[in-house]
Amino acid sequence: LVAFTLFRPGFWWDYLYSPITNTEPTEIHQIAEQVPDKGKLQMLVTGETIDGHSVQKTILLPMGIPGAGQERLLLAGLEVKIEDDKVIADNVVFGSAAQEAGLDFDWQVLNLQTEAERPPKQLVFIPAILLLVLVGWIQQRRRYNV
């Protein structure tokens, strides 16, 4: 347990703090503007494929150079319309980054996912080392009581 915690602290940290924050889809222009240079916009979308199957999936939309949110979405090949708290992919340019990411016409953006602010995962080392010290202390006591 101690070795696993020291080699993979993110495993336990993800249980305590969610790695992503879900944001309302209506804020797509503001979130797109905040994506770093050549970063990716992560979003949960749902829609119907050309075969008639309903699909819900998470996509990563590559964003280009920094700029206004709406312009960055257009450069990525995505034009959205916002109506009644719903964001719909109104136009997906053929051969664009949006189409390559798996987005299609008339799909709905359910939420936007951004990286959450959370403390450093290395804080898990403290209880792991304390547990190691406890086990060592118990083993020392056993050694001298035999």
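Reckoned from all heavy atoms, side chains included, excluding hydrogens, waters and symmetry mates.
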Asks: Under a 4.0 Å N-O cut-off, is there an ion pair linking Lys81 with Asp106?
Replies: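 Asp106 and Lys81: not salt-bridged.
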Asks: I want to check something: taking the side chain as every heavy atom from C-beta on, are Ile59 and Gln42 in contact at a cut-off of under 4.5 Å?
Replies: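 When only atoms from C-beta onward are counted, Gln42 and Ile59 do not touch, as no gap falls below 4.5 Å.
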Asks: Please check if Ile20 and Tyr17 belong to a single hydrophobic cluster, counting links between Ile, Leu, Val, Met, Phe, Trp and Tyr side chain heavy atoms closer than 4.5 Å.
Replies: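 Not linked; separate clusters.
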Asks: What do you reckon, is CD of Glu117 surrounded by more than 12 foreign heavy atoms closer than 6.0 Å?
Replies: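 No, CD of Glu117 has 12 or fewer neighbouring heavy atoms, counting only those of other groups under 6.0 Å.
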Asks: Examine Ile126 and Trp12 and state if one hydrophobic cluster contains both, with Ile, Leu, Val, Met, Phe, Trp and Tyr joined whenever side-chain heavy atoms are less than 4.5 Å apart.
Replies: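 Hydrophobic grouping puts Ile126 with Trp12.
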Asks: For Glu115, look at atom CD and say whether over 12 heavy atoms of other residues, nucleotides or ligands are found less than 6.0 Å away.
Replies: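 Not more than 12 within 6.0 Å, no.
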Asks: For the pair Glu24 and Asn111, evaluate side-chain contact (heavy atoms from CB on, under 4.5 Å) and give the outcome as yes or no after the intermediate values.
Replies: CA-CA 5 Å; Glu24 290 297 318; Asn111 65 32; over 6 Å; no
Asks: Given Lys57 and Val45, is the side-chain contact (heavy atoms from CB on, under 4.5 Å) satisfied, shown in steps?
Replies: CA-CA 6 Å; Lys57 61 182 177 178; Val45 295; 4.2 Å; yes
Asks: Between Ile82 and Leu103, is there a shared hydrophobic cluster once you connect ILVMFWY residues whose side-chain heavy atoms come closer than 4.5 Å?
Replies: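 Same cluster.
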Asks: Looking at every non-hydrogen atom in both residues, tell me the closest pair between Leu6 and Ala128 and how far apart they are.
Replies: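 Scanning both residues, the minimum pair turns out to be CD2-CB, 4.1 Å.
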Asks: Determine, stepwise, if the pair Asp14 / Arg8 fulfils salt bridge (Lys or Arg N to Asp or Glu O under 4.0 Å).
Replies: CA-CA 11 Å; Asp14 289 347; Arg8 184 73 170 84; 5.1 Å; no
Asks: Between Leu123 and Trp13, is a side-chain contact (heavy atoms from CB on, under 4.5 Å) present by the stated rule, with each step listed?
Replies: CA-CA 9 Å; Leu123 291 175; Trp13 213 237; 4.0 Å; yes
Asks: To the nearest 0.5 Å, what is the distance between CG on Leu16 and CZ on Arg118?
Replies: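 Going from the CG atom of Leu16 to the CZ atom of Arg118 covers 9.5 Å.
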Asks: Under the criterion side-chain contact (heavy atoms from CB on, under 4.5 Å), which of Val87, Leu61, Leu60, Leu110 is the partner of Met43?
Replies: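 The passing option is Leu61.
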Asks: Say you draw a straight line from CG of Leu134 to CG of Leu130; how long is it, rounded to the nearest 0.5 Å?
Replies: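 Answer rounded to 0.5 Å: 9.0 Å.
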Asks: When you check the side-chain N and O atoms of Thr46 and Trp107, is any donor under 3.5 Å from an acceptor?
Replies: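 No.
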Asks: Is there a side-chain contact between Gln113 and Leu44, using heavy atoms and a 4.5 Å cut-off?
Replies: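 Contact flag for Gln113/Leu44 side chains = yes.
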Asks: Please walk me through it: do Glu48 and Val55 pass side-chain contact (heavy atoms from CB on, under 4.5 Å)?
Replies: CA-CA 6 Å; Glu48 194 172 303; Val55 177; over 6 Å; no
Asks: Taking the side chain from Thr5 and the backbone from Pro9, do they hold a donor-acceptor pair closer than 3.5 Å?
Replies: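 Absent.
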Asks: Considering only heavy atoms from C-beta outward, does the side chain of Leu131 approach that of Leu1 to under 4.5 Å?
Replies: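 Side chain of Leu131 against side chain of Leu1, heavy atoms only: contact under 4.5 Å found.
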Asks: Hydrophobic clusters here meaning ILVMFWY residues chained together by side-chain heavy-atom distances under 4.5 Å, can you tell me if Ile50 and Phe94 are in one?
Replies: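 Per the 4.5 Å side-chain linkage, Ile50 and Phe94 are not co-clustered.
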Asks: How many angstroms lie between atom CG of Leu78 and atom CE of Met63, to the nearest 0.5 angstrom?
Replies: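 It is 8.5 Å, given to the nearest 0.5 Å.
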